[in-house]
Amino acid sequence: MLPQTKGAKFLYDTFLKDFLKKNEKNIDKAIENAKKSVPSVVFETVSAAKDVAGMGLSATASYANSSTSSFDSKDGKEE
C-alpha cells in the first residue's frame with residue numbers, strides 16, 4: 001500500500017468500519033427514503049421555478065408597458 005493512502009485506511013479501519021457495519025440497516029433505509037422522496041422534491045422545485053419565472057415575466061411585461069406608455073406610438077416622441 002502506498003504511504004499517502006495509509007492515513008485514509010487507518011481512519012476507515014479505526015473509526016468508520018465499525019460505525020458503518022453497526023448502522024448499515026439505518027443507512028440503507030435512509031437512502032431508500034431519499035430515493036422515494038426525490039420525485040416529490042423535483043416536482044416542488046420545478047413548480048417553484050415556474051412560479052418565480054412567471055413573476056419575473058410578469059414584472060418585465062409590466063415594466064415594459066409602463067416605460068413605453070409615455071411615448072406616442074406613431075412617432076416615438078414623448079407626449
Side-chain angles (χ1 to χ4, degrees):
M1 191 168 290
L2 298 172
Q4 58 267 44
T5 60
K6 286 184 181 179
K9 180 167 177 22
F10 170 78
L11 290 173
Y12 176 80
D13 289 340
T14 305
F15 300 105
L16 287 176
K17 187 176 177 180
D18 292 334
F19 173 81
L20 293 174
K21 279 188 178 193
K22 179 180 175 185
N23 294 292
E24 182 176 6
K25 288 182 183 178
N26 291 334
I27 293 168
D28 289 343
K29 284 180 189 176
I31 290 171
E32 285 304 313
N33 288 338
K35 285 181 186 178
K36 290 176 185 174
S37 68
V38 166
S40 63
V41 170
V42 169
F43 177 77
E44 291 173 17
T45 303
V46 168
S47 296
K50 285 180 181 179
D51 291 345
V52 169
M55 288 187 291
L57 290 173
S58 177
T60 302
S62 177
Y63 174 77
N65 285 336
S66 68
S67 66
T68 59
S69 65
S70 63
F71 287 94
D72 181 17
S73 61
K74 292 182 182 178
D75 58 11
K77 295 180 183 175
E78 273 194 70
E79 295 177 345

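When a residue number appears, it is its place in the shown sequence, counting from 1. Since the structure is predicted, the reported quantities are computational estimates derived from the model, not experimental observations.
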Exercise. State plainly whether one hydrophobic cluster holds both Ile31 and Phe19, where clusters connect Ile, Leu, Val, Met, Phe, Trp and Tyr through side-chain heavy atoms under 4.5 angstrom apart.
Key: yes

Self-check item: Hphob cluster co-occupancy, Ile27 + Leu11, side-chain heavy atoms under 4.5 angstrom
Solution: no

Let me confirm one number: the [atom1]-[atom2] distance from [X] to [Y], rounded to the nearest 0.5 Å.
X	Y	atom1	atom2	result
Leu20	Asn26	CG	CG	12.0 Å
Met55	Ser58	CE	OG	9.5 Å
Phe10	Leu16	CZ	CG	11.5 Å

Exercise. Under the side chain to side chain contact (heavy atoms under 4.5 Å, CB included) rule, collect the residues that match up with Lys50, sequence neighbours excluded.
Key: Val46

Self-check item: Set of residues satisfying side chain to side chain contact (heavy atoms under 4.5 Å, CB included) with respect to Val38, sequence neighbours excluded
Solution: Val42

Practice problem: Identify whether the distance between the nearest side-chain nitrogen and carboxylate oxygen of Glu32 and Lys35 falls below 4.0 Å. | Solution: yes

